[in-house]
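Computation of the quantities below employed the complete heavy-atom set of this structure, encompassing side-chain atoms and omitting hydrogens, waters and symmetry-equivalent molecules.
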Amino acid sequence: MRIGVLGTGNMADALATHWVRAGHEVIIGGRDAHKATRLATRIGGSAKPAGLRAAAESGQVVLAALPFGAGADVARDLHAALEGKVLLDCSNPVGRGFRLLTEGGPSAARRLAAAAPGAHVVKAFNLCHEDVWRMRPPVFDGRPLAVPVCGDDETALVRVRELVRDVGCDPVAGGGLERAGLLEATAALFIALWVGEGADAQAIAPPLAYAAGPSHQATPAGAGTPVGRDRGQTS
């Protein structure tokens with residue numbers, strides 16, 4: 001797959017490194033040619049430096065590894081080059097005091113979609129610090145990290161799921177792009193818990209078996225409710 005990367009920061013570095021190792025052709029695009037060259041050289045392999053427009057034009061998938069404030073402006077400038085492309089958004093619109101900067105308005109992903117209406121925007125890779133994405137692979141207690149993916153175009157989702165697997169993670173269906181704001185709000189909450197409170201954000205969710213309440217747990221063999229009797233039914 002040909003992947004254009006918009007940006008030369010930590011997320012660009014972490015994700016592009018995995019994708020080069022997986023055999024993809026990666027073009028690192030930056031406003032600063034020196035930074036793009038330095039990052040492409042550090043990643044090695046198929047990674048090559050370019051300007052932002054050349055990176056957008058080259059990729060079947062284009063990663064917008066840009067700060068929230070810059071992403072929509074860059075997408076607007078490059079909207080013609082992004083026509084028909086998968087535009088992957090990993091940004092987190094989180095400001096001082098762990099405040100969600102998009103509160104009351106469109107998500108960062110929806111703003112990208114409005115700026116480049118011909119692109120197929122997908123939201124993913126926004127829930128973890130870049131050092132987690134640098135892991136080879138991100139596996140905890142023997143279980144690969146799960147990555148929610150939100151988007152409206154099935155072909156775009158297929159490509160992004162492949163890229164998630166190439167990082168060593170398991171893609172999880174997060175719904176359409178209208179749910180990207182929920183991912184961004186989740187990131188704001190998790191960052192506030194992890195960084196602001198020093199709390200274990202994983203501990204706020206029960207095991208999957210309890211997600212719908214203990215009464216929905218699988219019943220041990222031989223001790224079940226008679227077949228055909230619904231929960232709450234008494235006769």
Side-chain angles (χ1 to χ4, degrees), residues 1 3-7 11-12 15 56 59-95 97-130 132-133 145-167 169-194 201-202 204-206 208 211-212:
M1 195 184 306
I3 303 169
V5 176
L6 307 180
M11 286 297 289
L15 294 175
Q60 297 164 290
V61 174
V62 179
L63 171 68
L66 299 163
F68 164 64
D73 289 340
V74 171
R76 192 173 297 108
D77 289 342
L78 301 176
H79 72 275
L82 293 168
E83 184 81 23
K85 307 291 181 70
V86 181
L87 183 56
L88 177 53
D89 175 33
C90 64
S91 68
N92 275 324
V94 180
F98 314 108
R99 183 172 64 90
L100 187 64
L101 298 176
T102 56
E103 188 173 7
S107 66
R110 295 296 286 268
R111 293 177 195 216
L112 276 186
H120 305 297
V121 177
V122 176
K123 186 82 183 187
F125 295 112
N126 74 302
L127 291 182
C128 298
H129 189 273
E130 60 264 16
V132 172
W133 304 122
L145 184 70
V147 178
V149 178
C150 292
D152 296 329
D153 183 83
E154 185 56 35
T155 299
L157 290 169
V158 167
R159 286 181 169 164
V160 172
R161 289 181 200 123
E162 178 183 345
L163 295 179
V164 169
R165 294 186 186 98
D166 287 337
V167 174
C169 301
D170 289 337
V172 175
L177 197 65
E178 77 278 358
R179 297 184 70 181
L182 299 180
L183 273 186
E184 295 168 7
T186 298
L189 173 62
F190 279 13
I191 293 168
L193 291 174
W194 287 325
Q202 278 193 321
I204 69 176
L208 179 60

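Other residues, nucleotides and ligands contribute over 12 non-hydrogen atoms within 6.0 Å of the CD1 atom of I204. For E103, the CD atom is loosely surrounded, since the number of other residues' heavy atoms within 6.0 Å does not exceed 12.
Residues L183 and C150 come closest through the heavy atom pair CD1-SG, 3.8 Å. In terms of heavy-atom proximity, A56 sits nearest to V62 at O-CG2, 3.7 Å. Between L177 and V121, the shortest heavy-atom distance links the atoms CD1-O, 3.5 Å. The minimum heavy-atom distance linking L145 with C128 is given by the pair CD2-SG, 3.7 Å. Of all heavy-atom pairs between D152 and G176, the closest is OD1-CA, 3.3 Å. Here the closest heavy-atom approach between residue A201 and residue L193 is recorded as CB-CD1, 4.1 Å.
Rounded to the nearest 0.5 angstrom, N126 CG and T186 OG1 are separated by 8.0 Å. With rounding to the nearest 0.5 Å, the separation of CG in N92 from CZ in F125 is 13.5 Å. Of the inter-residue distances, the one linking Q60 atom CD with K85 atom NZ reads 8.5 Å to the nearest 0.5 angstrom. Atom CG in L127 sits 11.5 Å away from atom SG in C90 (nearest 0.5 Å). Note: D166 CG to L15 CG = 11.0 Å, rounded to the nearest 0.5 Å.
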Could you walk me through whether V160 and L88 pass the side-chain contact (heavy atoms from CB on, under 4.5 Å) test, one step at a time?
CA-CA 8 Å; V160 172; L88 177 53; 4.1 Å; yes
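Between the side chain of E83 and the backbone N or O of A119 there is no donor-acceptor pair closer than 3.5 Å. The backbone N or O of L101 lies less than 3.5 Å from no partner atom in the side chain of E184, so there is not a single donor-acceptor pair. Looking only at distances, no side-chain donor or acceptor of R165 sits under 3.5 Å from a matching main-chain atom of D170. Under the 3.5 Å distance criterion, the side-chain polar atoms of K123 are left unmatched by any main-chain donor or acceptor of R179. D153 places no side-chain N or O within 3.5 Å of a backbone atom of H120 that could act as its donor or acceptor partner.
Counting only heavy atoms from C-beta outward, the side chains of V149 and V164 approach each other to under 4.5 Å. L163 is listed as a side-chain neighbour of I3, based on a closest heavy-atom distance under 4.5 Å.
A side-chain contact (heavy atoms from CB on, under 4.5 Å) with F68 is found for one member of T102, D89, V94 and no other, namely T102.
For the ring pair (Phe, Tyr, Trp, His ring centres under 6.0 Å) test, residues two or more places apart in sequence or in another chain that qualify with F190 are W194.
The residues R161 and E154 are annotated as salt-bridged, a charged nitrogen and a carboxylate oxygen being separated by less than 4.0 angstrom.
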